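Each chain gets a letter, A, B and so on, in the order the sequences are listed, and its residues count up from 1. Please read these numbers as outputs of a predicted model, since none were measured by experiment.
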Amino acid sequence: MYTIAKVIVDVPSRETDRPFDYLIPESMRDWIEVGSRVAVPFGRRTVQGFVISLEHESSLDRSRMKKIQELLDHLPPLPPDLVELAEWMSREYACSTISSLQAMIPSALKGKAERYISYAEPDERPEGESEGSVEDGTGTEGLFSLSLLQPAEESEIIEYVKAAGPVTFTHLDARYPGRGAMIKGLMKRGVLTESQAIKDKLRIKTVKTVSAAVAGEEAEEALASFTAQARRQREVLAFLLEVQIPIGMQELLTTLGVTAGTVKKLAEKGFAVIEDVEVFRDPYKDRRFKPTAPLTLTPEQQVAFDHIAGRLDSHEHGVFLLHGVTGSGKTEVYLQAIQRCISEGRQAIVLVPEISLTPQMVERFKGRFGDKVAVLHSRLSGGERYDEWRKIREGKVEVAVGARSAVFAPFPNLGLIVMDEEHETSYKQEETPKYHARNVSVRRAAQHDAVVILGSATPSLESYHAARSQASDDFAPVLLEMKMRPAGSELPVVRIVDMREELKDGNRSMFSRDLHQGIVARMERGEQTVLFLNRRGFSTFVMCRTCGYVAGCPECDISLTYHQKSNNLRCHYCGYSEPAPSVCPECGSEHIRYFGTGTQRVEGELAKLFPGIRVIRMDVDTTVEKGSHEKLLNAFREKKADVLLGTQMVAKGLDFPDVTLVGVIAADSSLNFPDFRAAEKTFQLLTQVAGRAGRHHLPGEVFVQSYTPDHYSIIHASRHDYLSFVRDELKHRRTLGYPPYCRLILVTMTHENLQILVRMAENFVSDLRGKAQQKGWFGGLDRFTSDAFDILGPIASPIPRIKNRYRFQCMVKYRGAMDAVQLVRDVSNLTLEHLKDASLQISIDVDPQMLM
DNA sequence: ACCCTGTGGGGA
DNA sequence: CCCCACAGGGTC
């Protein structure tokens with residue numbers, strides 16, 4: 001029997017990022033497990049914590065240990081394998097253990113301490129005070145005379161707290177307004193004491209149900225016993241006897257048209273019972289999903305499936321990279337693999353990028369596996385999310401479909417993790433813990449001897465390189481290729497339009513002549529066009545055309561974003577906002593204009609050039625409301641518009657039969673992004689959009705407009721040639737020393753004082769360099785034949801100031817099995833300890849996706 | 001993070 | 001001489 005628990009407390013600081021030992025009270029010993037959530041006294045507060053191990057002995061004296069105050073759940077929210085995974089994650093991504101643990105449970109279970117006031121029996125008080133004692137006038141003199149004048153009210157408060165048990169201060173204050181001082185006095189004297197307890201943000205939802213409490217002859221007698229006046233009660237009982245099973249109170253009231261009082265009376269007479277029953281808030285409760293049966297696999301699909309099924313059957317860990325062109329039927333392979341997995345008694349997780357977690361996507365999984373599926377995504381309310389998670393934890397479902405964090409779905413017997421569109425950057429969390437769901441998937445699957453399927457039409461270079469070289473330290477996926485679309489649909493012809501030629505010929509519009517004619521032709525034929533603007537990120541900024549003034553945030557070095565709806569300017573980073581100016585604040589000129597994401601500008605241009613054209617615009621501005629995404633797409637499907645114009649959102653997974661033209665307005669805009677993955681992102685985007693055209697009987701056409709039409713990413717995307725792209729891109733990465741030929745750690749340091757920051761950043765880099773040299777790690781990255789370690793920087797971050805804090809960064813590049821993350825973390829801790837300046841912050845991003 | 005303790009400067 | 005501000009350190 002374990003008597004000591006090691007607990008990670010929910011106190012986010014470097015100093016408290018270690019286990020603390022607590023005694024387990026006798027009454028909890030049968031219940032506490034690794035993964036249990038507990039309330040513990042910490043300092044003079046009560047905080048939430050997680051048990052990470054159970055012990056018989058501690059290095060600490062028992063007298064110095066405190067007792068666990070409360071066990072917060074009967075079923076631990078985390079199974080032991082997730083606790084182990086959290087510890088791994090904290091090492092891998094240089095973050096605190098509590099942040100990893102917290103990432104694995106729904107936020108509903110992030111309890112906070114509440115303060116309570118309760119009555120203390122005289123013998124529990126420190127100095128044996130008595131209720132009426134007012135004789136010693138120490139301290140608060142005026143207040144005591146008050147209590148002398150109104151002893152009745154004072155004793156009333158005492159009696160109330162005695163009877164009601166622990167109450168919150170807010171509650172007591174509301175009941176006895178203006179008696180704060182009196183309560184304070186009672187607490188000072190020890191008559192009332194304060195305690196703390198952890199309170200969850202959300203409760204398990206219950207509904208009242210009613211069922212008959214009598215049967216057979218007893219029921220007959222009961223029915224006969226009602227007076228004429230109580231005929232409503234009689235009706236209710238008759239109904240309950242007829243349905244036999246418990247019925248929801250609400251449903252009962254509406255079907256019979258009676259009030260709750262009637263039912264209550266019936267229950268008081270003992271003829272019926274009212275019970276609280278736990279329910280799951282189901283976000284899909286009103287939806288019916290059409291069941292689907294497994295399709296016959298094409299030969300390519302069959303080969304892929306057989307590989308996966310073989311590994312599933314043998315319960316061996318394995319990673320597969322399923323590279324299939326758009327429309328090759330990857331999803332059907334996933335579905336059948338999941339079927340195989342659950343039929344063998346194990347569970348499956350499906351990860352999809354947040355943006356493609358659309359109702360259509362959910363439908364495919366619900367259609368095949370029905371109510372065995374739980375769905376987790378960011379648009380669920382806290383309660384819905386909590387309930388979907390509970391279905392998983394309590395073993396009520398076998399499949400979890402969700403975004404990044406669904407990789408932590410607490411299944412007991414995990415057999416398969418599917419990661420669709422594995423190249424998507426949204427699998428990397430940008431906030432702490434900055435984990436990549438791909439790496440976490442592989443680790444988690446290894447714990448369970450489970451299989452991982454990474455699927456994509458354009459796999460990330462990291463995954464593809466690892467599969468081909470079979471040499472990676474982390475994982476070496478088995479490559480499965482699917483090159484064919486099912487019969488009847490062909491990949492569309494993609495034409496690159498050289499925009500420099502257009503300009504030379506005097507066409508200054510944003511549409512080339514070819515694209516212009518294409519749109520006109522679609523309008524005439526009643527077919528549809530998708531226009532894609534691949535500008536990454538933000539945004540509409542405001543610039544004066546007379547003096548060149550750009551509206552910027554006063555606290556961050558970044559331009560403000562224009563929001564049309566509220567007609568104001570907002571800062572993306574700190575939330576600062578101000579009304580949009582009508583004249584330039586610098587020079588007073590009226591030529592101050594909004595330079596759009598592009599989509600608004602393109603929309604304006606379309607209206608000018610194509611009279612009568614109907615356009616649906618889809619971007620961050622038009623899709624803020626819940627469900628607006630779907631609404632816009634449905635309108636387009638119903639052919640209420642000729643053109644769907646949008647950003648990345650239109651690139652993914654859409655499938656409209658009458659779309660025969662896709663236009664990419666400016667392929668270069670993502671190419672010129674200052675990021676070593678710019679070419680890869682461009683290739684992926686172009687391949688995705690091109691896949692939107694001609695998916696059905698009508699042949700499709702794609703125009704890609706570019707000012708750099710010779711770039712390999714554009715040329716290879718136009719030919720649907722992933723392999724050639726990979727060959728060229730890998731050559732570049734190798735020359736420049738970037739992933740997949742090395743790994744990166746981005747260290748960002750911030751401070752409100754620029755001079756101190758620069759000095760600290762320089763110290764940090766030279767410290768790190770020195771320590772790495774001592775370990776003999778240092779070596780050029782240029783030869784790529786052996787282990788290597790290099791540091792770039794420090795330099796100012798791309799956004800040099802946010803919220804009045806300056807930002808500097810450095811980049812660590814390394815290759816080999818050395819623990820570079822640990823060293824960076826150690827040096828970072830040393831820097832922080834040495835400086836003793838709480839204002840310095842250091843953020844460590846392992847395998848960064850955004851180099852910002 | 002939060003809260004306690006100790007030191008030191010400034011005001012009466 | 002006292003009070004408040006801020007720095008420093010510990011939390012099982």
Side-chain angles (χ1 to χ4, degrees), chain A residues 1-29 32-72 83 86-87 90 94-103 107 109-117 126 138-141 168-169 184 187-188 193-201 431-433 750-753 756 760 803 805 828-843:
Chain A
M1 188 65 72
Y2 296 104
T3 54
I4 289 159
K6 290 201 177 292
V7 175
I8 298 289
V9 292
D10 182 13
V11 178
S13 91
R14 204 161 30 87
E15 288 77 22
T16 53
D17 181 25
R18 61 184 180 84
F20 287 85
D21 293 1
Y22 286 89
L23 295 169
I24 307 170
E26 194 91 36
S27 62
M28 291 181 202
R29 288 192 192 154
I32 296 240
E33 290 174 52
V34 169
S36 286
R37 194 168 62 110
V38 291
V40 290
F42 196 66
R44 54 180 51 226
R45 298 179 294 155
T46 296
V47 298
Q48 177 169 301
F50 293 91
V51 175
I52 57 153
S53 73
L54 296 167
E55 318 270 333
H56 298 287
E57 292 299 328
S58 166
S59 53
L60 222 64
D61 196 310
R62 293 185 104 85
S63 65
R64 284 185 57 202
M65 273 185 260
K66 293 184 184 171
K67 273 192 223 153
I68 291 177
Q69 189 177 314
E70 197 185 350
L71 177 65
L72 295 169
V83 174
E87 293 181 296
S90 295
C95 63
S96 66
T97 310
I98 192 67
S99 65
S100 296
L101 289 165
Q102 220 79 261
S107 56
L109 293 182
K110 192 176 157 53
K112 271 199 73 177
E114 279 245 325
R115 290 159 190 274
Y116 292 93
I117 291 170
T138 47
T140 51
E141 48 294 311
T168 62
F169 180 78
K184 197 174 159 190
M187 288 172 73
K188 204 158 196 172
T193 57
E194 194 192 59
S195 59
Q196 296 175 55
I198 297 295
K199 197 181 164 216
D200 286 348
K201 280 190 181 158
E431 307 83 45
T432 309
T750 71
H751 198 282
E752 55 212 11
N753 179 305
I756 298 177
M760 292 324 295
K803 283 193 197 177
R805 297 179 63 85
S828 154
N829 284 342
L830 275 175
T831 309
L832 290 167
E833 269 162 40
H834 181 71
L835 184 65
K836 293 197 171 163
D837 181 345
S839 174
L840 179 71
Q841 285 170 11
I842 304 182
S843 133

**Flag if over 12 foreign heavy atoms under 6.0 Å of CZ, Arg115(A)** = no
By the 4.0 Å heavy-atom rule, please label [X] as base, sugar-phosphate, or nothing.
X: Arg14(A); value: nothing
X: Phe42(A); value: base
X: Pro19(A); value: nothing

Please report, rounded to the nearest Å, how far the [atom2] atom of [N] is from the [atom1] atom of [X].
X: Arg45(A); N: dG10(C); atom1: CZ; atom2: P; answer: 16 Å
X: Leu54(A); N: dC12(C); atom1: CG; atom2: C1'; answer: 15 Å
X: Ile98(A); N: dT11(C); atom1: CD1; atom2: P; answer: 18 Å
X: Glu833(A); N: dG9(C); atom1: CD; atom2: P; answer: 11 Å
X: Asp10(A); N: dT11(C); atom1: CG; atom2: C1'; answer: 14 Å
X: Gln196(A); N: dT11(C); atom1: CD; atom2: P; answer: 18 Å

Quick one: closest heavy-atom pair of [X] and [Y], and the distance?
X: Asp17(A); Y: Ile98(A); answer: OD1-N, 4.5 Å
X: Tyr116(A); Y: Ala197(A); answer: CE1-CB, 3.7 Å
X: Tyr2(A); Y: Ile24(A); answer: O-CD1, 3.8 Å
X: Gln196(A); Y: Thr46(A); answer: OE1-N, 3.0 Å
X: Gly35(A); Y: Val83(A); answer: CA-CG2, 3.7 Å

**Request:** Name the first nucleotide and the last nucleotide along DNA chain B (5' to 3') that come under 4.0 Å of a heavy atom in chain A.
**Result:** dA1(B) to dC4(B)
**Prompt:** Is it true that Arg64(A) and Asp21(A) make a salt bridge, defined as a side-chain N closer than 4.0 Å to a carboxylate O?
**Reply:** no
**Polar side-chain atom of Arg37(A) near backbone of Lys110(A) as donor-acceptor pair, under 3.5 Å** =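 Looks like no, no N/O pair under 3.5 Å.
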**Contacting residues from residues 57-70 of chain A, given that a heavy atom lies under 4.0 angstrom of DNA chain C** =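 Residues of residues 57-70 of chain A that come under 4.0 Å of DNA chain C are, in numerical order, Leu60(A), Arg64(A), Met65(A), Lys66(A).
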**Asked** Do Gln841(A) and Ser843(A) have side-chain N/O donor and acceptor atoms under 3.5 Å apart?
**Response** no
